[in-house]
Amino acid sequence: MSFGRLMEIYQFFWMFESHAQQRLSWEDAAEARLARMRAEAQAAAQLRAMLIAHPSGSLGHARLNDREALRRAGLL
């Protein structure tokens with residue numbers, strides 16, 4: 001069998017492999033689009049919840065373990 005014929009056979013099988021890899025990349029891209037849509041919907045829902053909780057849009061300057069705020073609230 002000549003070298004040229006071996007290369008043709010190799011390229012033929014490589015074509016199937018490259019097509020399979022291309023299909024996998026299309027599936028990955030579709031999954032990424034779905035994940036992005038879910039993340040955007042979740043972010044929009046979180047924004048709506050925040051605006052419902054604080055309609056003015058001002059979320060304040062909250063800090064964790066703020067002793068002064070805890071004293072004013074009577075928690076310390």
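Remember, it's a predicted structure, so these values are computed and weren't measured experimentally.
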A.B. asks: Of all residues at least two apart in sequence or in a different chain, which pass the ring pair (Phe, Tyr, Trp, His ring centres under 6.0 Å) check with Y10?
C.D. replies: none
A.B. asks: Partners of F3 by ring pair (Phe, Tyr, Trp, His ring centres under 6.0 Å), sequence neighbours excluded?
C.D. replies: none
A.B. asks: Using a 6.0 Å cut-off, check whether atom CD of Q22 has over 12 heavy atoms from anything other than its own residue.
C.D. replies: yes
A.B. asks: Apply salt bridge (charged side-chain N to carboxylate O under 4.0 Å, His left out) to R5 and list each qualifying residue two or more places apart in sequence or on a separate chain.
C.D. replies: E8
A.B. asks: Name all pairs fulfilling the salt bridge (charged side-chain N to carboxylate O under 4.0 Å, His left out) condition that reach into residues 31-49, sequence neighbours left out, sorted by first residue then second.
C.D. replies: R36-E40
A.B. asks: Which residues pass the side chain to side chain contact (heavy atoms under 4.5 Å, CB included) test with L24, sequence neighbours left out?
C.D. replies: Q21, E27
A.B. asks: My understanding is that only residues two or more places apart in sequence, or in another chain, count here; which of them pass side chain to side chain contact (heavy atoms under 4.5 Å, CB included) with Q46?
C.D. replies: M50
